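Written out below as C-alpha cells is the structure these notes cover.
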Protein chains: 2
Amino acid sequence: MKLSKTSEYAIRILSYMAKENNELFSAKQLIEKLGVSDKYLRKLMTLLSKVQLINSKQGRYGGYCFSKNTKDIYISDIINAVEGMDKYLGCILGFDDCSDENPCSMHEVWVETREKLLKTFSETSLYEISQKNSLKI
Amino acid sequence: MKLSKTSEYAIRILSYMAKENNELFSAKQLIEKLGVSDKYLRKLMTLLSKVQLINSKQGRYGGYCFSKNTKDIYISDIINAVEGMDKYLGCILGFDDCSDENPCSMHEVWVETREKLLKTFSETSLYEISQKNSLKI
DNA sequence: TTAAAATACTACTTAATGGTAGTATTTGCA
DNA sequence: TGCAAATACTACCATTAAGTAGTATTTTAA
C-alpha cells in the first residue's frame, strides 16, 4: 500500500489537529509544527475545506477547524477527498470488469486482502488515532 | 492497493505465459493476445529478463521463456522487479523511522493489514494463479 | 476607512510514470 | 555470406503528481 504523499500529509495534519484539539488552527501554526511548505499546506487545506472535512475562515483571526466530530471522520474520508479511494478497491490487475462472477486470475487471492484494507481505512477514525501515544506528527 | 500499471501488465503477461505453458513465446504473440503496445511490452520483457524472471533469446526463432518453475515465482518477485516492493511495506504515513518502538499514530492500526498484504504477495505463486479458471488475460 | 493578517486563486515548474519511435544487434538458415 | 526475423538499446514525448510563486480576496479592529 502506498498512499499519495498528499494523502499522507492530509492525515498527518488532521491527526495533529485532532490531538491538539484547539478551536482554531492557523496555516502558519500548522506549517511550523508539521514542516510542510507554506503553499503546499495551504492548497491542501483549501481542498479539505472544499469537501467539508474542515471549515476555513478567511480574514484576520481566521484559520481552520473541524467541521464535525473527529469520531465521525474516517481515514477513508480523507483519502477519498485527496486522491479518491476507489483505485485502492479495484481489481489488482487493473481489469475494469473484474468481479466474483467474472474474476481475473488473482481475484480469489486478492478479495480477502482488499476487504481487510477497506475495513482498516473505513473503520479507523481520526479520533481513534489521535488517542495513540505517538511522538510523530 | 494500487500497483503500477507496469506491474499489472507484468503479472498479466507472466500469468498468461504460465497458463499456456509453451516452450517459447514471441513478443508478437504476446502483443496480439494481451493487447499491449509493441514497444511497451518489449521494454517490459527486457526488464523481466534482466532480473532473471524470464530468459530471452535474440535472433531468428528467438523469444521468451521462464527461467525457473512458475511455482517458484511469486507475485512479490514480479512487483519487486518492476517497481520495488518496499514502498508497499513502509509506514502508511510516510515516516522513514516508524517502528514498533517509535510508532506513528496509525502504526498499530496498520501493522496487521500490512502483514496481510505482504503475505498475499509473497505467498502467491504464478503457478497458483495460472491454475485459476479465469477468462481474463 | 484603512491597514494588517489571515485564506483563496491562478498559473507555473519539477519529477516520476507511462508510452512511443527509430535504430542497432543477434541469430539461424537458404 | 547475406537476408529475414527476432530482441535490445537509446532517446524522446505525454500525462499525472508534487511542489512553488505571485496576486487577489476576505475579515476585523484600531
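Per chain, numbering begins at 1; letters A, B, ... match sequence-line order. Since the structure is predicted, the reported quantities are computational estimates derived from the model, not experimental observations. The figures here come from the full heavy-atom set of this structure, side chains too, leaving out hydrogens, waters and symmetry mates.
In this structure, A:Leu126 and A:Asp77 have side chains that are not in contact, with every pair of non-hydrogen atoms separated by 4.5 Å or more. At least one side-chain heavy atom of B:Leu3 sits under 4.5 Å from a side-chain heavy atom of B:Ile11.
Taking atom NZ of residue A:Lys39 and atom P of nucleotide C:dT13, one finds them 15 Å apart after rounding to whole Å. The separation between B:Leu44 atom CG and C:dT17 atom P is 15 Å, rounded to whole Å. Put simply, CD on B:Glu83 is 13 Å from P on C:dG19, counting in whole angstrom units. Taking atom OH of residue B:Tyr40 and atom C1' of nucleotide C:dA21, one finds them 17 Å apart after rounding to whole Å. Distance CZ (B:Arg42) to C1' (C:dG18): 18 Å, rounded to an integer number of Å. The CG atom of A:Leu24 sits 17 Å away from the P atom of C:dA5 (whole-angstrom rounding).
Within the nucleic acid shown, B:Lys5 comes within 4.0 Å of sugar-phosphate atoms alone, with no base atom in reach, counting heavy atoms only. Using a 4.0 Å heavy-atom cutoff across all strands shown, A:Lys57 reaches sugar-phosphate atoms only and no base atom. Among the atoms of the strands shown, only primed sugar atoms or phosphate atoms (P, OP1, OP2) are found under 4.0 Å from some heavy atom of A:Tyr61.
A salt bridge links B:Lys136 with A:Asp97; the closest basic N to acidic carboxylate O contact falls under 4.0 Å.
Both A:Arg60 and A:Lys43 lie near DNA chain C, and the one whose nearest nucleotide falls closer to the 5' end is A:Arg60. Projected onto DNA chain D by closest heavy-atom contact, B:Gln58 and A:Leu3 fall at different nucleotides, the more 5' of which corresponds to B:Gln58.
With hydrogens and angles left out, the side-chain atoms of B:Thr120 and A:Thr113 include a donor and acceptor closer than 3.5 Å. For the residue pair A:Glu83/A:Tyr88, the side-chain donor-acceptor check at 3.5 Å is satisfied. B:Tyr40 and B:Thr6 are linked by a side-chain donor-acceptor pair at a separation below 3.5 angstrom, with hydrogens and angles left out of the test.
Note on B:Ser37: a side-chain N or O is less than 4.0 Å away from OP1 or OP2 of C:dT20.
With a heavy-atom cut-off of 4.0 Å to chain B, the contacted part of DNA chain D has its first and last nucleotide at D:dA5 to D:dC9.
Atom OH of B:Tyr74 sits about 9.0 Å away from atom OG of B:Ser122, to the nearest 0.5 Å.
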